[in-house]
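Here the structure comes first, spelled out in structure tokens, and everything after it is commentary.
Everything quoted here is computed from the prediction, not taken from an experiment.
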Amino acid sequence: VIDGNDTVTVVWQASNASGEVIQSSCKYFMEDWQTVPHTLCSAAIGNSYPQIAADPMGNITTVWNQYNGEYGTIQAATMSYGGEWQEVPDILSTPGLNSFSPRIAIDGSGNSTVVWENYDDKKLMCILASTKPFGGAWQEVPDQLSGQGDYHVNPQIAIDSLGNTCVVWNNYTGFTKIHVSVRPKRGKWQASPNIVSSAGRSAFSPQLACDSLGGVFLVWVIQDSLSFIQSAYG
């Protein structure tokens, strides 16, 4: 990610003798990459799927999945501009439940939102979200964006210039569908997500982006006798 001060920050998954860790390196404008990468977390069987975002002030937040052999948790760490990564990562998900595939977005006021897949004891998935206001703490109880008991996977998130948040994901029930949930700025997530893909055809791999007017473009793959790309705008 490149912040408003032209600082480049990279995160990745690395293996060492103790397991998998998340590491980071920064390059300030007109300077060289830091010599020794920073390790953001202690080693576990699996620290994976790191995602990164920057706020307008140059603060960086990284989220990832940590698996300890029994369950996965969503963890996050923040580095203030010109400072150091926090020593102890925050845990966003509920310990004892399996949580995977985090994605993060930060709005123009510095408020961060993370979405992820949550598995119950029957391996059925729902989509959860947690928000941290600028200078505050992550909410204690995540919001549930999807229904419980269906297979909801592969969440993606974007925030428009007005501060409205949009999340899109796959729902594997019958024909695979594309679901969308929206939260207006300073509002709540909508009670029921919208289905935007065509009925009777399987839809996969959604992606989204916001324009400067507050509109959201969605694209995904439709599979019938042939595969092709479908899109929606809202």
Side-chain angles (χ1 to χ4, degrees), residues 1-14 20-42 47-66 73-93 101-116 128-140 142-143 155-168 182-187 207-217:
V1 68
I2 303 176
D3 64 26
N5 302 300
D6 289 333
T7 300
V8 185
T9 304
V10 179
V11 292
W12 64 88
Q13 174 185 339
E20 304 289 327
V21 296
I22 303 300
Q23 294 187 327
S24 171
S25 184
C26 293
K27 181 183 182 302
Y28 292 101
F29 182 64
M30 298 296 290
E31 296 184 14
D32 295 328
W33 288 98
Q34 65 185 82
T35 304
V36 180
H38 184 85
T39 299
L40 278 64
C41 58
S42 58
N47 284 289
S48 61
Y49 205 77
Q51 303 288 305
I52 189 171
D55 70 20
M57 288 65 73
N59 307 305
I60 305 294
T61 298
T62 296
V63 295
W64 65 91
N65 168 250
Q66 183 177 95
T73 58
I74 305 302
Q75 304 200 356
T78 297
M79 177 178 64
S80 59
Y81 178 71
E84 301 290 337
W85 289 101
Q86 65 185 79
E87 293 185 8
V88 180
D90 297 312
I91 298 177
L92 280 59
S93 58
S101 303
R103 303 288 295 189
I104 183 172
I106 302 179
D107 67 20
S109 300
N111 306 306
S112 304
T113 300
V114 176
V115 294
W116 65 89
L128 300 182
S130 182
T131 296
K132 182 181 75 170
F134 179 72
W138 294 101
Q139 64 187 78
E140 294 184 7
D143 296 309
Q156 307 289 320
I157 185 172
I159 303 177
D160 67 23
S161 58
L162 305 177
N164 306 305
T165 305
C166 182
V167 176
V168 61
V182 175
R183 181 186 63 191
K185 183 178 181 180
R186 290 188 291 272
Q207 297 288 323
L208 76 167
C210 299
D211 63 22
S212 60
L213 302 177
V216 179
F217 283 92

For this session: Could you please spell out the steps behind the side-chain hydrogen bond (donor to acceptor under 3.5 Å, both in side chains) verdict for E20 and N47?
Result: CA-CA 5 Å; E20 304 289 327; N47 284 289; over 6 Å; no

List for me each residue that meets side chain to side chain contact (heavy atoms under 4.5 Å, CB included) alongside [X], sequence neighbours excluded, and say none if there are none.
| X | answer |
| --- | --- |
| A77 | L40, W64, W85, Q86 |
| T7 | D3, N5, T9, Y28, Y81 |
| D107 | S109, N111, I159 |

Contact check, side chains of [X] and [Y], non-hydrogen atoms, under 4.5 Å:
| X | Y | value |
| --- | --- | --- |
| I60 | I52 | yes |
| C166 | L208 | yes |
| W33 | S25 | yes |
| T113 | R183 | yes |
| V114 | W138 | yes |

Please check if the side chain of [X] supplies one atom and the backbone of [Y] the other of a donor-acceptor pair under 3.5 Å.
| X | Y | result |
| --- | --- | --- |
| S93 | I74 | yes |
| S161 | S212 | yes |
| T61 | A53 | no |

Indicate the atoms forming the closest heavy-atom contact of [X] with [Y], along with that distance.
| X | Y | value |
| --- | --- | --- |
| R103 | P155 | CG-O, 3.1 Å |
| P89 | Q75 | CB-OE1, 3.8 Å |
| Q139 | T131 | OE1-N, 2.9 Å |
| V11 | P50 | CG2-CB, 3.9 Å |
| K185 | L162 | CD-O, 3.1 Å |
| P56 | G110 | CD-N, 4.2 Å |

Using 0.5 Å steps for rounding, measure from the [atom1] atom of [X] to the [atom2] atom of [Y].
| X | Y | atom1 | atom2 | result |
| --- | --- | --- | --- | --- |
| T165 | D160 | OG1 | CG | 7.5 Å |
| T78 | E84 | OG1 | CD | 13.5 Å |
| S112 | D55 | OG | CG | 7.0 Å |
| D90 | T73 | CG | OG1 | 11.5 Å |
| D32 | K27 | CG | NZ | 7.0 Å |
| Y49 | N65 | OH | CG | 10.0 Å |

Exercise. Should we say atom CD of E31 is surrounded by more than 12 heavy atoms from elsewhere, each under 6.0 Å from it?
Worked result: yes

Problem set entry | ring pair (Phe, Tyr, Trp, His ring centres under 6.0 Å) partners for F217, two or more places apart |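 In terms of ring pair (Phe, Tyr, Trp, His ring centres under 6.0 Å), with neighbours along the sequence ignored, F217 is linked to Y233.
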
Exercise. Who pairs with W12 by side-chain hydrogen bond (donor to acceptor under 3.5 Å, both in side chains), at least two apart in sequence or on another chain?
Worked result: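 Checked W12 against side-chain hydrogen bond (donor to acceptor under 3.5 Å, both in side chains); matches are Q23.
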
Exercise. Sequence neighbours excluded, which residues qualify as side-chain hydrogen bond (donor to acceptor under 3.5 Å, both in side chains) partners of Q34?
Worked result: none

For this session: Please report the C-alpha distance between N59 and F134 in whole Å, then the side-chain angles of each, then the deciding distance to 0.1 Å, and finally whether the side chain to side chain contact (heavy atoms under 4.5 Å, CB included) criterion is met.
Result: CA-CA 10 Å; N59 307 305; F134 179 72; 3.7 Å; yes

